Amino acid sequence: WSWFTGWFNLIGQVAVTAGIDFGLAFFINAFLNIAFAVPTDPPVTIAIFGIVLFIHALLNTFGIRIVAFLNDVSVWWHLVGVGVIVLALTVLNQHAVTPLGDVFTRFVNNTSKADGVAPFPLIYVMLIGLLNAQYTLTGYDASAHMSEETHNAAEAAPKGIVWSVIISVIFGFILLVAMNVGIDPGTGADGMTGYDRALSALVPPAQIWIDAVGQTGGLVILLVVIGAQFYCGMASVTANSRMIYAFARDGAVPLHETWHKINKRTRTPTNSIWLAAIGAFILGVPYLFNAVAYYAVTSIAVIGLYVAYVTPVFLRVLAGDRFERGPWTLGRWGKPVGTLATIWVVFIAILSMAVGSFAAIGQTNIKRLIAYSSIGHMGYALIGLAAGSREGVQGVLIYMAIYLAMTLGTFCVVLSMRRAGGAVENISDLAGLARTHPALAFFLGLLMFSLAGIPPLAGFFAKYYVFLAAINAGLYALAVIGV
C-alpha cells in the first residue's frame with residue numbers, strides 16, 4: 001500500500017507543480033501582453049513556464065534560507081493579497097457590482113451557444129463546477145512532506161495540514177464571493193457585459209480587476225496574484241523534491257541512488273529538485289501543440305493526489321481501533337471525518353466518469369474529445385482502489401498503464417495528420433481518412449475502440465481487472481455505475 005500511495009503521490013506532485021507554474025506562466029504572459037504587448041503564443045508561454053521552473057529549482061537548490069524566509073512571507077502575502085482584492089472589487093470598484101443575492105442565486109449556463117444546440121442541464125453544470133474545484137483542493141499535504149525538517153513533526157505536521165485547510169476555506173470563500181460581486185453586470189460601450197469580457201480574456205480574473213479599478217490598478221493586483229502564485233510554485237517544488245528524496249531513500253524509484261543524494265554544501269536534495277522541475281516542464285511541453293494539454297496536466301494532478309490522499313485515510317478507517325494513534329489526532333472525529341472523506345472521493349470518482357463521458361459526447365474537436373474522455377480515468381482508477389485489496393491495486397496500475405499508452409498513442413496519431421496544409425482539429429476533418437491513409441485510419445480506429453473498452457482490445461482488459469476487483473469486494477453498485 002505504501003508503494004502504491006507513494007507512486008500516485010509522486011505522479012500527482014510532479015503534475016501539480018506543472019499545473020501551478022503553468023498557471024503562473026499564463027498570468028505573467030497576460031501581464032506582459034497588457035503592459036508591453038508581448039504575444040501570447042504557446043512558445044512564449046512555454047518559455048515563461050521554463051524560466052519560472054528554473055528559478056524555483058535554483059532557489060530550492062542554493063537558497064534554502066531564502067526559501068524558508070519566502071515561505072513565511074507567503075502566508076502574509078496571501079492574506080494581505082485577498083484583502084487587497086476584496087477591497088478593490090467591493091469598495092473601490094468604479095462600476096456597478098453584482099448584487100450579493102445574484103451571486104448565490106443566479107445561474108449562468110454557457111455550455112452551448114451554438115444555434116440549435118441546447119446547453120447541458122443546470123445540475124450537470126453544477127457538477128462540473130464541483131470537479132473544477134478538486135484541482136484547487138490540493139497541496140495541504142506539504143506539511144507532511146516537510147516533516148523531516150520540522151521540529152516536533154508528530155504534532156506540527158498534522159496541525160499544519162488542518163490549519164491550512166481551515167484558513168484556505170475561510171479566505172478562499174471570501175475571495176470567491178468578492179470576485180463574483182466585482183463583475184460588472186452592465187453592458188459597456190463595447191456591447192459586452194463584464195462577464196463576457198472576462199470570458200474572452202486570456203486570464204479572466206485580470207479583466208475583472210481591470211474593469212473594477214482601471215488598467216493600472218488591475219495590473220497592480222495582477223502582480224500581487226503573480227507573487228502569490230510564485231510562492232505556491234516554489235513551495236510545490238520544495239514538497240515535490242522532499243517526496244522524491246524520501247521515496248528514493250527507500251529504493252522505490254529507478255536510479256534511486258541518484259535522487260537520494262544530498263548536496264554537501266547546500267544540504268539539499270539537489271538531484272530530486274531538478275528531477276521535479278524537469279518532470280513538470282516535460283508535462284507542459286504538449287501545450288505547444290494544443291491548449292488542451294493544460295487541462296490534461298491538472299487532470300493527472302487530481303488523479304494522482306486524490307488517490308494518494310484517500311488511500312491512508314481509507315486504511316485508517318478499515319483499521320478501526322487497531323490503528324495506533326499519534327500524539328495529535330482528530331480524536332473521536334477521526335473516524336467520521338475519514339469515512340466522509342472516503343465517500344467524497346468515491347463520489348467524485350463516479351462524477352468524473354459520468355461528466356467526462358457526457359462532456360465528450362458533445363465535442364466536435366477531436367483533441368478536446370480525447371481530453372474530456374480522459375477525465376473519466378480518475379473514476380475508473382478509484383473503483384479499483386475502493387475494492388481495498390491487492391487485486392484492486394493491481395487493477396488500477398494495469399488500467400493506468402494501458403490507458404496512458406492508448407491516450408498518448410491517439411494524440412500522436414492525431415498530431416501526425418494534416419488536412420489542407422493545417423493540423424486536423426475537428427472530427428469532420430477525419431472524413432475520407434480510410435481512403436487517403438488507410439493504415440493511419442486503421443490504427444486510429446484501433447486506439448479509439450481500445451479507449452472505449454471494446455473487447456478483445458487492451459482497453460477492455462484494463463476495465464475488466466478494475467471491475468473484477470470491485471465485484472469480488474462486493475461493490476456491485478459501483479461496478480454497474482462504471483459500466
Side-chain angles (χ1 to χ4, degrees), residues 19-20 22-41 44-45 48 77-113 119 122 125-126 128-129 132-133 135-136 168 170-232 291 294-295 298:
I20 292 169
F22 213 100
L24 172 56
F26 274 131
F27 275 63
I28 293 174
N29 205 350
F31 176 86
L32 295 175
N33 177 258
I34 297 169
F36 307 106
V38 173
T40 58
D41 299 329
V44 178
T45 306
I48 297 172
W77 188 282
H78 279 80
L79 296 180
V80 173
V82 170
V84 169
I85 293 172
V86 171
L87 182 67
L89 294 176
T90 59
V91 178
L92 303 178
N93 202 318
Q94 301 171 356
H95 302 284
V97 297
T98 301
L100 197 60
D102 287 355
V103 169
F104 291 101
T105 60
R106 183 186 175 196
F107 286 88
V108 177
N109 187 351
N110 284 335
T111 52
S112 175
K113 289 187 175 183
L122 289 178
V125 177
M126 184 191 74
I128 291 177
N132 285 340
Y135 169 65
T136 64
S168 296
I170 295 172
F171 283 90
F173 179 77
I174 293 171
L175 178 62
L176 288 175
V177 171
M179 287 295 295
N180 281 276
V181 168
I183 298 175
D184 181 7
T187 302
D190 55 1
M192 302 173 68
T193 65
Y195 185 83
D196 292 330
R197 281 193 297 275
L199 281 180
S200 63
L202 176 65
V203 176
Q207 187 61 51
I208 296 173
W209 301 324
I210 290 172
D211 284 349
V213 292
Q215 181 161 307
T216 301
L219 288 177
V220 170
I221 295 175
L222 183 55
L223 280 176
V224 171
V225 173
I226 287 172
Q229 290 175 303
F230 183 86
Y231 291 134
C232 286
Y294 177 70
Y295 306 117
T298 56

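Since the structure is predicted, the reported quantities are computational estimates derived from the model, not experimental observations.
- Counting all heavy atoms, side chain and backbone alike, Met192 lies closest to Ser200 at CE-OG, 3.8 Å.
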Taking distance alone, no hydrogens or angles, what donor-acceptor pairs closer than 3.5 Å link side-chain atoms of residues 170-188 to residues at least two apart or in another chain?
{"residue": "Asn180", "atom": "ND2", "partner": "Leu176", "partner atom": "O", "Å": "2.8"}
{"residue": "Asp184", "atom": "OD1", "partner": "Gly186", "partner atom": "N", "Å": "3.0"}

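- Between Leu89 and Val97 there is no side-chain heavy-atom pair separated by less than 4.5 Å.
- Taking each heavy atom of Gly101 and Thr105 in turn, the nearest pair found is O-OG1, 2.6 Å.
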Only pairs under 3.5 Å count here: list side-chain donor-acceptor contacts from residues 25-35, not counting sequence neighbours, and write none if there are none.
{"residue": "Asn29", "atom": "ND2", "partner": "Thr45", "partner atom": "OG1", "Å": "2.7"}
{"residue": "Asn33", "atom": "ND2", "partner": "Val38", "partner atom": "O", "Å": "2.9"}

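- The stretch residues 203-223 participates, sequence neighbours left out, in these side-chain hydrogen bond (donor to acceptor under 3.5 Å, both in side chains) pairs: Arg197-Asp211, Gln207-Asp211.
- Summarising the geometry, atom NE2 belonging to His95 is positioned 7.0 Å from atom CG belonging to Asn93; distances are rounded to the nearest 0.5 Å.
- The aromatic rings of Trp77 and Tyr231 sit perpendicular, their planes meeting at an angle over 60°, well past the 30° parallel limit.
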